[in-house]
Amino acid sequence: MIPAKVRIKVYPPFRFGVDFSTSEDLSRLMNELMDRQDVPAGEKRKYRLNGLERFMLANEHERVAYNSQFVFEFTHPVSREKLLETTERWISVFPPVRSVIERRLFWDQRFVYRRAWFSSREIFHFEDRISQEAIDRFCGRHFDLAFEPAVRFLLQQEGDRARLIFNCHHSLFDGAGQAYAFEIWSKIYNGSDVQGEVDVKAFRYRFVRHQMGWKKSLALLWRNFSLKPPRKMPKLGTLNDFPDQGEDRLVSSVTLDVSGEPYQDLRSQFLVKAAEVVDRVLAEKGNREDPFIIYAPAGLRWVMKAHSTFQNAVVSQTLFFGRNLPRDEIKRRVEQKSKGDIFLENARFLFGTLPLSYLTPSRKLEKKLRPFDQAESPITCTMLAVHAPIPRAFPVPKDWRDLRISARGTLMRSPCIGLILTGQRGRETLTIEYLPSLVSKATVELVMRRLSTIPTPP
Amino acid sequence: MEKETAARSLKWIASLERWLWPVLKTVFRIEVSGEHHLRPGPALIIANHNSGALVESHSLLFLCFQKGLTVFGLNHKALFKIPLVSRYFRKIGAVTASREAAAQVLRENASLLIFPGGNRQALRPLSQSHVNSFEWAKGWAALAVTHQAPVVPVKFTGTHGINPILFSSRLLAKILVLPWAFGVSHFPLSLAQALLSLAVGMGVMGLGAPLWSGLLAGYLVFCFPPWCR
């Protein structure tokens, strides 16, 4: 007996009347499937995992899934064949989709395979009715990163209404990467010719050194190449609900439609306005039982940023303010914060896009974060404000009408409120994410009311 | 038929799952994907067969148990003629391979695990290990159509390396008089089989038995294992 490595793959069922009606059909389907090469094999190249991605892999378990979704809603049917055809082409030109993460004894390693071992039918799921429950189930299902691509689509169609969910694992894409991946998909859908493989840039150490200085870069190199297993980090919450797993794991969200004239101001000055609103709301509440926004001292700010910013440095900003700050002061600080992101404005990274977390030694981070995570009553509130030029502007298929885009993401376990403004110009949505066990519903409702007459959703 | 499904013991399966599954998972570094497709209810679970057949059947049994499925496996009737082995397999949900047994299982709202490739597929040589299809087997498909049951395909990869079949020979079968003695036309040779027969033959002689008895024991062991699997 040789202890060979065994893989078991369970496929979606073939159904009588849908996939087969005669035994010959079934036999042919089954034999085709059995003889297909459908485990990652062949030529592959290495794609380095960064600290954040390792962090996610080390902390993901049956209760926590670092999945992230874009939800597209539109009011016309789409052709399944075209979607499958587009996805098939996308798989062949977009290398990250063909990546797997091999789990090693001391560290995990990511590889991108030259040829796909799966077809579009395996990552594209269809349903004939629109159901939020099905979407939640779809979004919460774990990715098996050693086997399958870390991307899935779900199309729900009912009459003239359709919902497309683009779901991916955060170890593959961050917010910007996800938008970029969908941009390529849309180009193919629109009929643009994508020649050869799309060039994907990985985050280089050189770039980190440029940004963070050579000392920290060396420290990073030392840490990455040491043989220590990854340290346990504070537990995280996710947006993907597992209702029977205890409420501290749940992240709830409210998505609001902020398109139209009344929200012009909000859209154009999102960061300033959102920061001001949250600051005022928490000041109004006026007790330390509820979270409030703090102005973090300079020495602590990087920790807080690493703690709360889970999206891309390109598209995220975490803001900390004192109570009752004048608007000009808030504006000035927002502008100051934005300066650091200017050089990243046109960058498109799929991997390694969060240098600050990347460079944070895990022990130090854990020590610094412990008071925040273990406090009996929440003492801080950080705000993750994602104001994303790339997700807001990324192209979608031309013939999709009345499009509404919203995002679902992942939040750290902290008493924070996540605000994600996304969508196409004129059809934006604002998603407020929070952990109900750490942030009271009243706080969220107050934020919503303050955000310039945004109506309460039904 | 009533007896066949009634012999299944959930306690046995739970106990096996507790002790054997971690061992299998560790030794064979088992990776599972798509297990969410295993859902309770009448269905045919169809899998390819390799030389590591026991690892395959047991790991699938444990996966189904974890997912809350009641699953019965179709087995060759020869298996049920061996007393202790028969009892063990009955306890974990084996039923005789017949249309009646299959119909009974599906009527009971349980799933049916079938390896249509059977021994012919399990004993294919290592050079053919990538060929997982079973064109010659049609009965399972007819069963699915008759009962209009969903079919869940399962593919095992790597189990053929557990006990590699080096080659399958018609000539060797004739040399070993297998076609006349056992009615077998092809003889597969696996590494474990060769080593085991050598060990048994030498062991018998080591106990002071005459040379012919050692050779006979070695011969029987050499011929026996492929069909036992």
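Note that the structure is a prediction, hence the values are computed from the model and not measured. Here is the naming used below: chain letters follow the sequence lines, and residue numbers restart at 1 for every chain.
- Here B:K155 contributes atom NZ and A:M30 contributes atom CE; the two are 11.0 Å apart, rounded to the nearest 0.5 Å.
- For A:M34 against B:I46, the heavy-atom pair with the smallest separation is CE-O, 4.0 Å.
- Most heavy-atom pairs under 4.5 Å with chain A: of the set B:L143, B:V154, B:L24, this distinction falls to B:V154.
- For B:W136, the CH2 atom sits in a packed shell: over 12 heavy atoms of surrounding residues, nucleotides or ligands are nearer than 6.0 Å.
- Counted within 6.0 Å of NZ on B:K25, heavy atoms from surrounding residues, nucleotides or ligands total 12 or fewer; the atom is thus considered open.
- Side-chain contact between A:S23 and B:K138: absent, with no pair of heavy atoms (C-beta onward) separated by less than 4.5 Å.
- For chain A, the nearby part of B:L63 is the side chain; its heavy atoms alone come within less than 4.5 Å.
- Interface remark: A:F14 contributes backbone and side-chain atoms alike to the contact with chain B (heavy atom separation under 4.5 Å).
- B:E135 has its side chain out of reach of A:S27: every pair of non-hydrogen atoms, C-beta onward, lies at least 4.5 Å apart.
- Within 6.0 Å of atom CZ in A:R115, 12 or fewer heavy atoms from other residues, nucleotides or ligands are found, so the atom counts as exposed in its surroundings.
- Contact check on B:E31 versus A:K9 returns no salt bridge, with no Lys/Arg side-chain nitrogen under 4.0 Å from an Asp/Glu carboxylate oxygen.
- Contacts of A:D144 with chain B are made by side-chain atoms alone, with heavy-atom separations under 4.5 Å and no backbone atom involved.
- In this structure, A:F147 and B:V32 have side chains that are not in contact, with every pair of non-hydrogen atoms separated by 4.5 Å or more.
- Here the side chain of A:D35 pairs a donor or acceptor atom with the backbone of B:N132 at under 3.5 angstrom.
- Shown here is B:H76, whose NE2 atom has no more than 12 heavy atoms of other residues, nucleotides or ligands within 6.0 Å.
- Contact of B:A43 with chain A is not made at all, since no heavy-atom distance falls under 4.5 Å.
- Side-chain atoms of A:I8 and B:S59, non-hydrogen and from C-beta on, do get closer than 4.5 Å to each other.
- The neighbour count for A:Q132 CD, taken as heavy atoms of other residues, nucleotides or ligands under 6.0 Å away, is above 12.
- Listed options B:A144, B:P116, B:P150, B:G34 were ranked by heavy-atom pairs under 4.5 angstrom with chain A; first place goes to B:G34.
- When the shell of 6.0 Å around CG of B:L84 is examined, it contains 12 or fewer heavy atoms from other residues, nucleotides or ligands.
- Chain B forms more heavy-atom pairs under 4.5 Å with one residue of A:R7, A:E24, A:E32 than with any other, namely A:R7.
- A heavy-atom distance below 4.5 Å is found between the side chains of B:V145 and A:F20.
- Remark: B:R99 CZ is loosely packed, at most 12 non-hydrogen atoms of other residues, nucleotides or ligands lying under 6.0 Å away.
- Taken from CZ in A:F16 to CG in B:L44, the straight-line distance is 12.5 Å, to the nearest 0.5 Å.
- Between B:F28 and A:K5, every side-chain heavy-atom pair lies at or beyond the 4.5 Å cut-off.
- For a residue to count as touching a neighbouring chain, one of its non-hydrogen atoms must lie under 4.5 Å from one of that chain's; by this rule B:H160 does not touch chain A.
- Under the 3.5 Å distance criterion, the side-chain polar atoms of A:N31 are left unmatched by any main-chain donor or acceptor of B:S133.
- Summarising the geometry of B:P153 relative to A:L33, their closest heavy-atom pair is CB-CD2, 3.9 Å, with the distance given to 0.1 Å.
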